[in-house]
Amino acid sequence: MDTCPDCTQVKASLADNPDFQLIDIGRHVGNLKAFLRLRDSNPAFDTVKSHGLVGIPCFVLEDGSVLFEMDGVFEGGRQEPASCNLNGKGC
């Protein structure tokens, strides 16, 4: 999402990487709806939601697992979310 500094950093880092499909949830309501379906149904977001976070940026891997840190995508590790806060205090 263009208004999320963490997202714009990810977008800049991965823009030329063909291994990733970047989806901006702010560009089209269909993208937002797909993200909300994922967020509402995937247990990976439970911790994110319990901390009042949105859960972006997030990375959905080929095996369906969800990560919230770009480093974890490359290392295969899972880290605590550092995503935008719903209350506007993140990002």
Side-chain angles (χ1 to χ4, degrees):
M1 183 170 244
D2 287 340
T3 57
C4 167
D6 294 329
C7 295
T8 56
Q9 180 183 6
V10 166
K11 186 176 180 179
S13 297
L14 300 178
D16 296 325
N17 190 328
D19 294 331
F20 292 88
Q21 176 187 8
L22 299 173
I23 300 171
D24 184 337
I25 63 172
R27 291 257 181 233
H28 191 278
V29 71
N31 295 345
L32 178 59
K33 287 180 179 182
F35 170 74
L36 291 175
R37 277 192 300 275
L38 174 68
R39 185 178 186 267
D40 290 347
S41 64
N42 191 307
F45 287 88
D46 290 349
T47 301
V48 170
K49 292 186 288 187
S50 74
H51 287 95
L53 303 172
V54 175
I56 60 172
C58 74
F59 302 87
V60 181
L61 305 183
E62 288 180 357
D63 67 0
S65 60
V66 177
L67 303 177
F68 299 98
E69 296 287 338
M70 192 163 54
D71 292 341
V73 172
F74 295 110
E75 297 169 11
R78 300 182 189 280
Q79 301 176 16
E80 285 298 311
S83 304
C84 295
N85 286 325
L86 287 173
N87 65 8
K89 293 184 179 179
C91 292

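Start at 1 with the first residue, then count along the sequence. These values consider heavy atoms only, across backbone and side chains, with no hydrogens, waters or symmetry-generated copies. Computed from a predicted model, the values in this text were never measured in an experiment.
Rounding to the nearest 0.5 angstrom, the gap separating the CD1 atom in Ile25 from the CG atom in Leu32 is 5.5 Å. With rounding to the nearest 0.5 Å, the separation of CG in Asp6 from SG in Cys58 is 12.5 Å. How far CD1 of Ile23 is from CZ of Phe35: 11.0 Å, rounded to the nearest 0.5 Å. The CZ atom of Phe68 sits 8.0 Å away from atom OG1 of Thr47, with the distance rounded to the nearest 0.5 Å. In this structure, OG1 in Thr3 is found 6.5 Å from CD1 in Ile56, a value given to the nearest 0.5 Å.
In terms of heavy atoms, Leu38 sits closest to Val66 at CD1-CG2, 4.5 Å. A pairwise comparison of heavy atoms in Val10 and Pro57 identifies CG2-CG, 3.9 Å as the closest pair. The two residues Asn17 and Asp19 come nearest to each other via the heavy atoms OD1-N, 2.9 Å. When all heavy atoms of His28 and Gly30 are compared, the pair lying nearest together is ND1-N, 2.8 Å.
Within a 6.0 Å sphere centred on CG of Asp16, other residues, nucleotides and ligands contribute 12 heavy atoms or fewer.
A donor-acceptor pair under 3.5 Å is absent between the side-chain atoms of His51 and the main chain of Leu53, judged by distance alone. Between the side chain of Lys11 and the backbone N or O of Asp2 there is no donor-acceptor pair closer than 3.5 Å. For the pair Ser65 (side chain) and Leu61 (backbone), a donor-acceptor distance under 3.5 Å is absent.
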